[in-house]
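Quantities reported herein were computed from a predicted structural model and do not represent experimental measurements.
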Amino acid sequence: MTSNLTIQSTVKLNSGYEIPRLGFGVYQVPIDQAESCVREALTTGYRHVDSAVGYRNEAPCGKAIREFASSSSSSSAGGGGNATPREQIFFTSKVRPLNLSYESAKTQVDATLSETGLGYIDLMLIHAPYGGPVARKGAWKALVEAVDAGKVRSIGVSNYGVHHLDELEAYTHELAAERGGNGGMISVGQWEVHPWLPRLDIVDWCRARGVAVEAYCPVVRGERAGEAILQELAAKYHKTWAQVLIRWSLQKGHVPLPKSVTPSRIRENADVYDFEISAEDMARLETKEYSPCAWDPTTSPLDNGK
């Protein structure tokens, strides 16, 4: 039940691993601020950090995670607190869609391991469905091999439309036949999702297959802060408009990835477990709009060579 949600809540993935229900996004977080931001998030209680090769901040994210795990373990050993082992901190990165291929994905997995120093990657996604069928299939094969090699624990995609997802699902069967049984498990999909872009077709596709839906831009980059319904619900629940949106995402069953470089907002975005939006208000908040505030590769054709 949604009323039982806490910052420790997780979702079990198709891979068998668990992903924390609340993530901390680091898109456009400057390299010189990423380490301190991730450290603040971890201190607040987040256990899920979402980065990407294209964000260029994997290294400071990895350093913050390593040092937090090390310091909390040392503190616990001295009687000063509870240890947080590396295994309890979930780190995501993404293969860049630029020049996507089997070789580029394979190379980027190794580069991320080197950059972060984390030993393994909890989740690796294909960042966008660009490059055409051969590129997408090659990148997926590289991720499957990375899982087999113990470099990556779970894999998935980002910004895929239903037509891309159907192609990938068919390819997993082809690859399983080719490799003798393992074509890869689609564990996670990541999209811009919020009340003004609910993506019901994609969400339904994922729900039918047990694929976890991650929601980036869950607070719509602040562009909808003045909406009357948001202001009404914020007042009703004694929360900020951003907290209402994050809570909406959690109650929809998504894994929201709010991002901030401001310590007070990092903490505020995690303070969403002492209230529950009613079923009626959940329905009122969702719209039939299709209004992205970010890029939207989901609409790209299957033969897109970009």
Side-chain angles (χ1 to χ4, degrees), residues 10-20 23 48 50-53 58 86-97 99-116 118-191 202-214 255 297-298 302-303:
T10 61
V11 174
K12 190 161 187 179
L13 302 176
N14 285 333
S15 62
Y17 291 100
E18 295 189 353
I19 185 170
H48 175 183
D50 181 84
S51 185
V53 174
E58 292 176 302
R86 157 70 182 100
E87 290 74 18
Q88 292 181 15
I89 303 174
F90 195 99
F91 177 75
T92 299
S93 191
K94 309 176 191 77
V95 177
R96 294 185 70 176
N99 299 319
L100 189 69
S101 68
Y102 170 82
E103 289 298 337
S104 70
K106 184 176 181 178
T107 298
Q108 287 184 21
V109 167
D110 289 336
T112 293
L113 286 170
S114 177
E115 283 279 299
T116 62
L118 292 176
Y120 62 87
I121 305 163
D122 292 278
L123 174 65
M124 199 77 177
L125 306 176
I126 298 174
H127 207 152
Y130 294 153
V134 173
R136 287 189 294 272
K137 292 177 181 180
W140 182 256
K141 182 178 180 180
L143 295 189
V144 173
E145 292 178 355
V147 171
D148 288 346
K151 298 176 179 181
V152 176
R153 289 189 165 182
S154 303
I155 56 178
V157 296
S158 180
N159 298 302
Y160 272 43
V162 169
H163 52 308
H164 303 116
L165 292 168
D166 286 339
E167 175 195 74
L168 177 56
E169 185 175 47
Y171 180 60
T172 62
H173 299 306
E174 295 172 17
L175 187 59
E178 174 189 317
R179 302 180 76 240
N182 180 17
M185 189 74 69
I186 308 172
S187 288
V188 175
Q190 185 179 122
W191 293 273
I202 289 173
V203 170
D204 287 347
W205 192 99
C206 291
R207 292 284 182 259
R209 295 159 177 82
V211 176
V213 174
E214 292 189 319
V255 178
T298 64
L302 288 176
D303 62 355

Quick one: does Ser187's side chain have a donor or acceptor within less than 3.5 Å of a partner on Leu13's backbone?
-> no
Looking at Pro97 and His127, what are the two nearest heavy atoms and their distance?
-> CD-CB, 3.7 Å
Below 4.5 Å, heavy atoms only, C-beta onward: do Asp50 and Lys94 meet side chain to side chain?
-> yes
Apply side-chain contact (heavy atoms from CB on, under 4.5 Å) to the pair Phe91 and Thr112, showing each step before the final yes or no.
-> CA-CA 11 Å; Phe91 177 75; Thr112 293; 4.2 Å; yes
Go through the steps to decide whether Ile19 and Glu214 satisfy the test side-chain contact (heavy atoms from CB on, under 4.5 Å), and finish with yes or no.
-> CA-CA 10 Å; Ile19 185 170; Glu214 292 189 319; 3.3 Å; yes
Side-chain heavy-atom pair Trp191, Val203 within 4.5 angstrom cut-off = no
Taking the six-membered ring of Trp140, is the NZ or CZ of Arg136 close enough (under 6.0 Å from the centre) and on axis enough (within 45°)?
-> no
Indicate the atoms forming the closest heavy-atom contact of Asn159 with Pro129, along with that distance.
-> O-CD, 3.3 Å
How about Arg207 and Val213: do any of their side-chain heavy atoms sit closer than 4.5 Å?
-> yes
Within the distance-only criterion (no hydrogens, no angle test), does the side chain of Ser158 pair as donor or acceptor with the backbone N or O of Gln190 below 3.5 angstrom?
-> yes
For Lys12 and Gly16 the tightest heavy-atom approach is CE-O, 3.5 Å
side-chain contact (heavy atoms from CB on, under 4.5 Å) assessment of Arg179 paired with Asp148 | CA-CA 12 Å; Arg179 302 180 76 240; Asp148 288 346; 2.7 Å; yes
Across all chains, not counting sequence neighbours, the side-chain hydrogen bond (donor to acceptor under 3.5 Å, both in side chains) partners of Ser51 are Asn57
Report yes if some heavy atom in the side chain of Glu167 is under 4.5 Å from a heavy atom in the side chain of Leu302; otherwise report no.
-> yes
Report yes or no: do Tyr102 and Glu145 form a side-chain donor-acceptor pair below 3.5 Å?
-> yes
Under the salt bridge (charged side-chain N to carboxylate O under 4.0 Å, His left out) test, which residues partner Lys141, sequence neighbours left out?
-> Glu178
NZ or CZ of Arg86 within 45° of Tyr120 ring axis and under 6.0 Å | yes
May I ask you to test the Val211-Asn14 pair for a side-chain heavy-atom distance under 4.5 Å?
-> yes
Note, Met185 side chain near Ile155 side chain (heavy atom, < 4.5 Å) | no
From the list Val53, Leu125, Leu143, side chain to side chain contact (heavy atoms under 4.5 Å, CB included) partner of Val95 resolves to Leu143
Evaluate the side-chain contact (heavy atoms from CB on, under 4.5 Å) criterion for residues Ile126 and His164: first the C-alpha distance (whole Å), next the side-chain angles of each, then the deciding distance (0.1 Å), finally the verdict.
-> CA-CA 12 Å; Ile126 298 174; His164 303 116; over 6 Å; no
Ser93 versus Ile121, closest heavy-atom pair with distance | N-CG2, 4.4 Å
With rounding to the nearest 0.5 Å, note down the distance linking CD in Glu174 to CG in Leu168.
-> 10.5 Å
Atom CD in Gln108, atom CG in Leu113: separation rounded to 0.5 Å?
-> 12.0 Å
Could you tell me whether a side-chain N or O of Asp122 sits under 3.5 Å from a main-chain N or O of Arg153, the two making a donor and an acceptor?
-> no
